[in-house]
Amino acid sequence: MFRGLYTATSGMMSQNRYQQVLTNNLANASTPGFKTDDSAVRSFPDQLIKAQNANQPAPIGHLSTGVYLQEAIPSFLQGPIRETGNATDFALLDEKLTADPETGERGHLLFAVETADGDVRYTRNGQFTVDAQGFLATSFGQRVLGDDLQPLQVGGSEFSADDSGAITREDGSVAGNLWIGVTEDAGQLVKQGHNLLAWEGDPDEAPALAADGERYTQQGFIEQSNVDLTRTMTDMMTAYRGFESNQKVIQAYDRSMEKAVNEIGRV
């Protein structure tokens, strides 16, 4: 009896975790460059139940031992591109990458930024600003890196950039080139907050600088979140119903145990 109670409890826990993932997606539906998190519910290994027979135990069937939610995995599908007209906004265009002739899939482009600890992180959010020292930075203060992995000092917000990421200051001087990297294995990128991504794969396979002269970015545009609001709302209702169903199973077990203690025990 208690095995079923544990199974239903694991179902409630997985649906609760799934609801948290969906809520985070919904909360970031308007965050530029945000990548929706996908997840899947998996079952623990089943147990083979056998009859207690001393001569030859006969298999009765399998018993599920519960479910769990795998880690959230970002989906790196390109989000819609929206024009803003702001010089500090940049959109990355994955469609400009050459598709793999065997799989037909393209890689994924990334900006590089420097954290307060001096570490390099990646982002798809190209909604930048200019800090007090004239450096191009994210809205959280991380400075955007050039192709030499040094912060880009653009002076003011009236600068121009071509589609390859080459930046020219307002006075005509050259500020440098945006570091625009590409990865073929986005599954090794892990979210770390503030719309930043860290590489947790083989260091030798980390995102590398994209080919020079290619038109991978567009100034005055931003990539919007790729969250599908309709699908997210539908999945949230499904998760709620799943949580509710497991809750009713637990309530049924509770009533059964109450009868076993209060009624059967008296007999």
Side-chain angles (χ1 to χ4, degrees), residues 14 17-18 20-22 24-25 28 31-42 44 68-79 90-128 136-152 164-165 177-217 222-228:
S14 65
R17 173 60 182 142
Y18 186 36
Q20 293 175 7
V21 172
L22 294 171
N24 183 62
N25 288 342
N28 286 281
T31 302
F34 178 81
K35 299 304 176 186
T36 186
D37 286 320
D38 293 330
S39 56
V41 176
R42 296 283 187 262
F44 291 113
Y68 66 98
L69 189 74
Q70 284 189 322
E71 71 277 9
I73 303 172
S75 169
F76 280 86
L77 292 175
Q78 177 93 51
F90 292 88
L92 292 172
L93 308 176
D94 287 347
E95 62 188 21
K96 300 294 184 180
L97 290 169
T98 303
D100 187 303
E102 295 183 0
T103 64
E105 296 182 357
R106 294 181 172 86
H108 301 282
L109 298 168
L110 300 161
F111 295 114
V113 301
E114 184 181 63
T115 66
D117 297 329
D119 298 326
V120 175
R121 293 292 181 266
Y122 308 101
T123 185
R124 289 282 301 195
N125 186 354
Q127 193 173 50
F128 300 135
L136 195 63
T138 69
S139 57
F140 294 100
Q142 298 94 2
R143 288 177 174 173
V144 181
L145 300 179
D147 57 6
D148 58 355
L149 291 180
Q150 296 299 315
L152 280 170
S164 65
N177 297 287
L178 281 169
W179 189 95
I180 300 175
V182 61
T183 178
E184 302 294 335
D185 188 10
Q188 300 298 322
L189 292 167
V190 178
K191 292 183 177 181
Q192 289 197 331
H194 294 173
N195 224 349
L196 299 181
L197 302 162
W199 178 261
E200 293 198 353
D202 186 342
D204 294 334
E205 299 178 0
L209 191 64
D212 293 337
E214 298 293 344
R215 299 179 180 274
Y216 293 141
T217 186
I222 59 170
E223 178 190 5
Q224 295 178 278
S225 167
N226 67 354
V227 175
D228 186 331

CG (Asp38) and CG (Leu77) are apart, to the nearest 0.5 Å, by 8.0 Å
Looking only at heavy atoms, the pair that brings Trp179 and Ala112 closest together is CE3-CB, 3.3 Å
Discussion item. Please tell me whether Arg121 and Gln192 have a donor and an acceptor in their side chains that are separated by less than 3.5 angstrom.
Written reply: yes
For Ser225 and Asn28, test the side chains for any donor-to-acceptor distance below 3.5 angstrom and give the result as yes or no.
no
CD of Gln20 to OG of Ser39, rounded to nearest 0.5 Å, is 11.0 Å
Shortest non-hydrogen pair, Thr183 vs Pro207, comes out as CB-CG, 4.0 Å
Output for pair (Leu178 CG, Leu136 CG), nearest 0.5 Å, gives 6.5 Å
Stepwise side chain to side chain contact (heavy atoms under 4.5 Å, CB included) test for Glu114 and Asp119: CA-CA 6 Å; Glu114 184 181 63; Asp119 298 326; over 6 Å; no
Heavy-atom closest pair (Ala186 atom, His108 atom, distance to 0.1 Å) is CB-CD2, 3.6 Å
dist Asn125:CG -> Leu197:CG (nearest 0.5 Å) comes out at 10.5 Å
Kindly indicate whether the side chain of Glu205, heavy atoms from C-beta on, has any atom under 4.5 Å from the side chain of Gln188.
no
Check your understanding: Less than 4.5 Å apart, any side-chain heavy atom of Thr138 and any of Phe128?
Key -> yes
Item to complete: In sequence, state the C-alpha distance, the side-chain angles, and the governing distance for Leu189 and Phe76, and then conclude on side chain to side chain contact (heavy atoms under 4.5 Å, CB included).
Response: CA-CA 10 Å; Leu189 292 167; Phe76 280 86; 3.9 Å; yes
Asn226 and Lys35 have their tightest heavy-atom pair at OD1-CA, 3.4 Å
ring-ring contact (aromatic ring centres under 6.0 Å, His included) pairs touching residues 190-210, sequence neighbours excluded, are Phe140-His194
- Item | Steps toward side chain to side chain contact (heavy atoms under 4.5 Å, CB included) verdict (Leu109, Arg124) | CA-CA 8 Å; Leu109 298 168; Arg124 289 282 301 195; 3.9 Å; yes
Decide side chain to side chain contact (heavy atoms under 4.5 Å, CB included) for Leu152 and Arg143; before the verdict, give the C-alpha distance in whole Å, the side-chain angles of both, and the deciding distance to 0.1 Å.
CA-CA 7 Å; Leu152 280 170; Arg143 288 177 174 173; over 6 Å; no
The salt bridge (Lys or Arg N to Asp or Glu O under 4.0 Å) partners of Arg17 (sequence neighbours excluded) come to none
Any donor and acceptor pair, going by atom type alone, linking the side chain of Thr217 with main-chain N or O of Ala91 inside 3.5 Å?
yes
In short, salt bridge (Lys or Arg N to Asp or Glu O under 4.0 Å) pairs touching residues 182-200 with sequence neighbours left out are Asp37-Lys191
Distance col, row Leu97:CG vs Gln78:CD, nearest 0.5 angstrom, shows 9.5 Å
dist Phe111:CZ -> Tyr122:OH (nearest 0.5 Å) comes out at 14.0 Å
*Beyond-backbone contact of Phe90 with Val144, side-chain heavy atoms, under 4.5 angstrom*: no
